[in-house]
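Data first, discussion second: the structure below is written as structure tokens.
Throughout, a chain's letter reflects where its sequence line sits, starting with A, and its residues are numbered from 1.
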Amino acid sequence: MLTTRNLLGIRELDVKDIELILDTAERFREVSSRRVKKTPALRGRIVANLFYTPSIRTRISFERACKALSADLINISSAQTSLGETLTDIARTLQAMGVDILVVRHRLAGAPVQLARSISARVINAGDGAHEHPTQALVDAFTIRRIKGRLEGLKVALLGDIRHSPTAKSNLYCLKKLGARVVVGAPSPLVPEGLEELGCKVYHTTEEAVDGADVVILTRVSLDYGNDKLLPSLREFSRFFSLNTERLALAKPDVTVLHGGRINRGVEISAEVAERAWQSMMKEVSAGIVVRMAVLYLLTVGGKGADNEG
Amino acid sequence: MKASSLLLRGGRVIDPANGLDAVRDVLISSGVIAGVGENMKPEGAEILDCAGKLVLPGLVDTNVHLNEPGREDRETIATGTRAAARGGYTAVACRSTENMVMDNQTVVQFIRSRAERDAVVRVFPVGTLTRAMAGEALAEIGELTAAGALAVCDDIHPVADAAVMRRVIGYAKMFNIPVLSFPEDPELAAGGVMHEGPVSTRLGLEGIPAVAEEVFAAREIILSAALDYPIHLSPVSCADTVELLRYARSRGVAVTAEVTPHNLLLTDEACADYDTNAKVSPPLRSTADREALVAALADGTLEVVASDHSPCTTAEKLAEFDRAACGISGLETAFPLLFTELVLPGRVPAGRLVDAMSRAPARVLGLALGALTEGYPADVTIIDPETPRTVDPRDFDSKGRNTPFAGRTLRGWPCDVLVGGRFVLRGGELND
């Protein structure tokens, strides 16, 4: 059984919860490999995708996970949410319509946390501003565990836009709880104040961060989020920080490179490294579905065990 | 028949202006203080037994938002001044409402006439420094003064342009009207919704760095010195601002500053869980900042405590943290909070707190209030230092129920409040 009724962030999650989710996801892999990729585990349950900001990857991944579990899905796009109604009012309406789980993505940090306080339906944070993106961090941990066989003792480097990424902090909490050593490599404007107090070493060169790393996780760097004021140019960022072949050579020979999505080739990652990374990133995408299945399942049904279902 | 004189008998009278902290009687006659002494036996006076109570000069607040005219959904002069009376205040200086700004005499006159009709405590309008608080053109400070504004301030919109600020100070000086400035560099604070530090990073919220305040506090100190005119920083929140104030003091610069109860008692950790009731401007800062503020209140570097009473509607606080309105509805809890959390544990002497909430703010505003001096208006606050009560926003007289202090059990609640010798609060009940 999970000790939490919502999945709002990794920070407040127990190691046992994380392990239960990853182990359950492992069991759902079997369903994904069937010809008929479906289990009736959540038949009759209703999940609503409430996405205030567009996200192709996360939304479709949740959608696939819901369908594989036979849950009914309501997709609410950002266009439908921009009518000035408060988040809480929309959520209460959905709850009154019988929605069991709300998957919420929001531009503003904390929106899903505040929402979870006012409704009894379960809430999954699918990325809220610069706060957390717990399912993506679980997906990354799951992928690393499958590739490396473990997380304990690994050195993981987080690169890119750490300041605005919802995933970077979730990755940090998740990997640390599972025993990995986490370092950050990014220019000072892209590192939020006091990040080291969360338990990671911060470097302002990519070289120091990836030195001897087992895993590198990248976050997209663009001129959005006001980065046009924070960085002189993407050219300069790329020259000093991009993960290229030479810099990657400082990592372990069997280094795994992951990217949260929406690659900006030539900025945070060179085209060559991106090609090389695609293999692990494909694993990441398919892991996305089973991990989200595990989360949806565990939050709805609890710990009855996925084995005896469908 | 109403007795024309009233004796407040046997209370512990704390009157910093007269260096008094002892059991005394206070005689009030025809609305003014007629005398303070021992075992007074005036002929025919009504007697209020104050044994075991604290008898203070009426509390004065330099920083209150009554929101009328403009935002009567948040507060009105009627509800805000009742909240003030309940909190032990006898005089409040009220700031402009965002969309009905006191940059002209009309709004000042409206507030004065409405206060005449609806207010239960004294209301002093604070005009603006610049037109529409936009920080560009000077407000009509001469006319504002003539109309009865007793100070000028652009509320939480500091004048960003130093040249404009310099001009404003020189202009205000001609009319001898106090200048209040909220020190926060809008560029350094841009986009921020809480104190910048590990907690804002954890929550993923944009931070307001401490330097945003310090840079502007330093600027105001320099301008005050250059123009030889006092500036009151309203309010401050950072440890290094306190150091700047000590430096200014050592150089003889006439800069004063106020601090709020919430900045004295809470830190940025109160924003964890995205509690929008902890969203304020200036933001709740680090533990080190809070400690420095308490020490500076105790030693007098921070002369004034102001509630920064900022009532908000429920909807404004139900929003996402980024979008939620700033402010705490603070008039009704300011004194009991500080008495319970700072005076009772011995962090701040009772006399210093009373000074910071009566004489010092009156002096900043140039008011002959805040003292139990013979001949002064009989504005008196009587505190019950013993009976505990739990803060329940539903009991507030303010329309604003926004407080992060709900559920705290406090002592030091006002039981009687007199304005000009007339009871506005009696036995803990408003005397409507």
Side-chain angles (χ1 to χ4, degrees), chain A residues 6 8-12 52-53 81 84-92 104 106-118 125 127-134 161-170 172-173 184 190-200 202 225-226 229-230, chain B residues 185-214 238 240 267-279 283-289 312-326 402 404 406:
Chain A
N6 303 298
L8 301 171
I10 302 286
R11 186 173 177 270
E12 51 276 357
Y52 275 75
T53 55
T81 56
E85 198 176 354
T86 72
L87 177 57
T88 308
D89 288 348
I90 291 178
R92 282 181 180 152
V104 182
H106 205 287
R107 181 174 62 83
L108 301 176
V113 182
Q114 292 172 289
L115 177 66
R117 278 203 290 267
S118 57
N125 179 358
D128 60 334
H131 177 223
E132 284 225 42
H133 191 354
D161 189 347
I162 308 300
R163 184 191 186 98
H164 300 105
S165 157
T167 320
K169 275 189 279 110
S170 296
L172 170 60
Y173 300 134
V184 162
L190 298 188
V191 179
E193 186 74 20
L195 186 71
E196 286 200 328
E197 294 187 33
L198 300 180
C200 63
V202 173
Y225 311 111
K229 282 187 188 161
L230 297 179
Chain B
D185 184 322
E187 294 295 333
L188 283 166
V193 294
M194 66 173 291
H195 173 61
E196 181 185 271
V199 181
S200 66
T201 290
R202 198 175 85 205
L203 294 173
L205 293 170
E206 202 62 43
I208 300 170
V211 292
E213 176 172 304
E214 291 147 23
C238 301
D240 284 342
T267 66
D268 54 353
E269 283 290 350
C271 301
D273 262 347
Y274 303 93
D275 181 0
T276 55
N277 279 328
K279 184 177 177 185
L284 303 172
R285 299 219 179 253
S286 70
T287 304
D289 289 312
C312 301
T313 65
T314 309
E316 285 176 307
K317 285 290 190 184
L318 266 183
E320 295 86 0
F321 199 94
D322 272 278
R323 291 191 181 128
C326 283
N402 46 306

Taking every non-hydrogen atom, the tightest pair across B/R202 and A/K169: O-NZ, 3.7 Å
Which atom of B/G204 lies closest to which atom of A/A109, heavy atoms considered: O-CB, 3.3 Å
Non-neighbouring partners of B/D273 that pass side-chain hydrogen bond (donor to acceptor under 3.5 Å, both in side chains), sequence neighbours left out: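 Expected list: none.
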Neighbourhood of chain A inside residues 194-201 of chain B, taking heavy atoms under 4.5 Å as contact: B/E196, B/G197, B/P198, B/T201
A/L195 portion near chain B, given a 4.5 angstrom heavy-atom threshold: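 Answer is both: backbone and side chain atoms of A/L195 are under 4.5 Å from chain B.
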Identified side-chain hydrogen bond (donor to acceptor under 3.5 Å, both in side chains) counterpart of B/Y274 within the set A/H131, A/R117, A/Q114: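 Testing B/Y274 for a side-chain hydrogen bond (donor to acceptor under 3.5 Å, both in side chains) against A/H131, A/R117, A/Q114 leaves exactly one candidate, A/H131.
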Which portion of B/A315 sits near chain A, non-hydrogen atoms under 4.5 angstrom: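 No part of B/A315 comes within 4.5 Å of chain A.
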Top of A/H106, A/R107, A/E132 for chain B proximity - count of heavy-atom pairs under 4.5 angstrom: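 Ranked by contacts with chain B, first place is A/H106.
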Distance, nearest 0.5 Å, that separates CG of A/L108 from CD of B/E206: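 Answer rounded to 0.5 Å: 12.0 Å.
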